[in-house]
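Predicted model only: the values in this text are computed from it and were never measured. Positions are given from 1, in the same order as the sequence printed here. Reckoned from all heavy atoms, side chains included, excluding hydrogens, waters and symmetry mates.
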Amino acid sequence: MRTPRRRFLGLMLAGTALAATPLRAAEGKIGVVATTGMIADAARQVGGDLVEVKGLMGPGVDPHSYRQTRTDIVALTRADLVLYHGLYLEAQMEELLLKLAKRGNVVAVGEAVPVEQRIGHADYADKFDPHVWMVPDLWAHVVRGVESALAETAPEHAETFAANAEAHLTEIDRLSTYASETLATVPEPARVLLTAHDAFGYFGRSFGYEVIGIQGISTESEAGLDRIKTLVDMLVERDIGAVFVESSVSDRNMRALVEGAAAQGHEVAIGGELFSDAMGQPGTYEGTYVGMIDHNVSTIAAALGGDVPARGMDGKLAAGS
């Protein structure tokens, strides 16, 4: 028997399909809908002037818990191409996205990352850590996935997409070099990254940092009082002086850690706000993938005692980053 939610999705899909008109009608551009800001940015970089991209999740939005709106469903069914991350990142949208994939041009570009380079989920054999964008070298696979999806949608523009992708990948490669060199300036004992949820596993593996999340890979998991107490004791015992909040996750648990450490006479600073599952504001440098990672790398390295150029890789970061 179909649940009310499934029945609702079925009715919505049926209704919007009848009225759907491709977004390519707008100035002849290819209509692309992307779930996350990172994917939307990749689509704009690769598609250039040939695409009209709509991102569903803006700054500060948690993709793990995001549920599609009626407006989202209409946009998804009318798009020439739908790009989503996959790897169970959009957990609450997965049912809808899988249904759309059976009838339309829908691609999970996060799954372009080779299986052997993914981090497995501790509790589920068939699930992986979705946070591959934290490492530029891994994100390069996703950019290639976006290029492939666009080329299949509009093969007459394949050469343009390939050229745009190469230009963007060159920038991503430079970002990778900056990240490696800057993060390596942090003294080894200080390379401990404690954040709100376990979004930095790939980051830690790639750059040699111990990563600790209060919550698990998904923000849907909960952090109990025992977990908070254990982490407070660790902060005190290991003399860790900085922790980090995330733009898309409540800082409630992080504040509890800081207060708990203070109660034991140990001062812990908030090292800065990191972009974990969403980018910065549209129209800003931090609202691009390169700016997002530049901000994270520069913020982490500076807070943990590294040598960081003024305002990041190219001096583009907002003052105070």
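- Applying the salt bridge (charged side-chain N to carboxylate O under 4.0 Å, His left out) test to D251 and every residue at least two apart in sequence or in another chain returns R255.
- Applying the ring-ring contact (aromatic ring centres under 6.0 Å, His included) test to every pair with at least one member in residues 253-277, sequence neighbours left out, gives these pairs: F275-H295.
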What side-chain donor-acceptor pairs closer than 3.5 Å can you find for residues 258-265, not counting sequence neighbours?
from, atom 1, to, atom 2, distance (Å)
Q264, NE2, D233, OD1, 3.1

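- With sequence neighbours left out, D72 forms a side chain to side chain contact (heavy atoms under 4.5 Å, CB included) with L56, Y66, Q68, T69.
- A search for side chain to side chain contact (heavy atoms under 4.5 Å, CB included) contacts involving P59 returns Q281, P282, not counting sequence neighbours.
- Considering only heavy atoms from C-beta on, I293 stays 4.5 Å or farther from W139 through its side chain.
- E147 pairs by the salt bridge (charged side-chain N to carboxylate O under 4.0 Å, His left out) definition with R144, not counting sequence neighbours.
- Residue pairs meeting the salt bridge (Lys or Arg N to Asp or Glu O under 4.0 Å) criterion with at least one partner in residues 167-186, sequence neighbours excluded, are R174-D314.
- Here the rule is side-chain contact (heavy atoms from CB on, under 4.5 Å) with F128, and of L89, V113, V115 only V115 fits it.
- When all heavy atoms of G110 and L87 are compared, the pair lying nearest together is O-CD1, 3.7 Å.
- With values rounded to the nearest 0.5 angstrom, N296 atom CG is found 10.0 Å from E286 atom CD.
- Within the 4.5 Å cutoff, side-chain heavy atoms of M254 are placed close to those of I214.
- Among residues at least two apart or in separate chains, side-chain hydrogen bond (donor to acceptor under 3.5 Å, both in side chains) pairs with a member in residues 203-214 are E210-R238.
- Defined by atom type and a distance below 3.5 Å, a donor-acceptor pair is present between the side-chain atoms of D277 and H131.
- A distance of 10.5 Å separates CG of L257 from OG1 of T230, quoted to the nearest 0.5 Å.
- Every side chain to side chain contact (heavy atoms under 4.5 Å, CB included) that T182 has, sequence neighbours left out, goes to Y178, V297, A301, V308.
- Atom CG of L81 sits about 9.5 Å away from atom CD of E152, to the nearest 0.5 Å.
- A donor atom on one side chain and an acceptor atom on the other are found under 3.5 Å apart for S176 and D137.
- Annotation: K316, atom NZ; neighbour count of heavy atoms from other residues, nucleotides and ligands within 6.0 Å does not exceed 12.
- By the side chain to side chain donor-acceptor pair (under 3.5 Å) test, T36 pairs with no residue at all, sequence neighbours left out.
- Heavy-atom minimum distance, M313 versus L175: SD-CA, 3.8 Å.
- The shortest non-hydrogen separation linking V106 to L97 is CG1-O, 4.1 Å.
- Taken to the nearest 0.5 Å, the OG1 atom of T288 stands 6.5 Å off from the CE atom of M279.
- Around atom CG of D126, more than 12 heavy atoms belonging to other residues, nucleotides or ligands sit under 6.0 Å away.
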**OP:** Begin from the C-alpha positions of L194 and I240 and carry the test side chain to side chain contact (heavy atoms under 4.5 Å, CB included) through to its verdict.
**Re:** CA-CA 9 Å; L194 198 158; I240 295 173; 5.7 Å; no
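- Residue L274 comes nearest to L193 through the heavy atom pair CD1-CD1, 4.2 Å, listed as atom of the first residue, atom of the second, then distance.
- No donor-acceptor distance shorter than 3.5 angstrom exists from the side chain of E111 to the backbone of G86, with no hydrogens or angles considered.
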**OP:** Go through V243 and T195 one step at a time and tell me if the side chain to side chain contact (heavy atoms under 4.5 Å, CB included) criterion holds.
**Re:** CA-CA 6 Å; V243 295; T195 59; over 6 Å; no
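- The shortest side-chain heavy-atom distance between P114 and H141 falls under the 4.5 Å cut-off.
- Annotation: ring-ring contact (aromatic ring centres under 6.0 Å, His included) contacts involving residues 67-118, sequence neighbours excluded, comprise H85-W133.
- When atom types are taken as modelled, the side chain of Y202 and the backbone of Q117 share no donor-acceptor pair closer than 3.5 angstrom.
- You'll find the side chain of T35 stays beyond 4.5 Å of the side chain of P63, heavy atoms only.
- Contact check for T77 versus L100: side-chain heavy atoms found under the 4.5 Å cut-off.
- Residues R311 and S298 form no side-chain contact, since every pair of their non-hydrogen atoms from C-beta on lies 4.5 Å or further apart.
- With hydrogens and angles ignored, the 3.5 Å screen pairs no side-chain donor or acceptor of R118 with any backbone N or O of V132.
- Residues V53 and V33 fail the side-chain proximity criterion, which asks for heavy atoms closer than 4.5 Å.
- Of all non-hydrogen atoms in G272 and T299, the two that sit nearest each other are CA-CG2, 3.9 Å.
- In this structure, the side chain of R191 engages the main chain of A184 through a donor-acceptor pair within 3.5 Å.
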Original post:
Should T153 and N105 be marked as a side-chain hydrogen bond (donor to acceptor under 3.5 Å, both in side chains) after you check the CA-CA gap, both sets of side-chain angles, and the distance that decides it?
Top reply: CA-CA 8 Å; T153 303; N105 191 13; 2.7 Å; yes
**OP:** Would you check, one step at a time, whether the test side chain to side chain contact (heavy atoms under 4.5 Å, CB included) holds for M93 with L76?
**Re:** CA-CA 12 Å; M93 293 184 67; L76 288 163; 4.1 Å; yes
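- Summarising the geometry, atom CZ belonging to R227 is positioned 13.5 Å from atom NZ belonging to K229; distances are rounded to the nearest 0.5 Å.
- Legend: residues meeting side chain to side chain contact (heavy atoms under 4.5 Å, CB included) with Q45, ordered by chain and number and at least two apart, are D41, H168.
- Across all non-hydrogen atoms, the minimal contact from A256 to I228 is CB-CG2, 4.3 Å.
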Original post:
Going through the distances and angles, do I300 and L304 end up as a side chain to side chain contact (heavy atoms under 4.5 Å, CB included)?
Top reply: CA-CA 6 Å; I300 291 167; L304 298 180; 3.8 Å; yes
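- Between D307 atom CG and L183 atom CG the span is 12.0 Å, to the nearest 0.5 Å.
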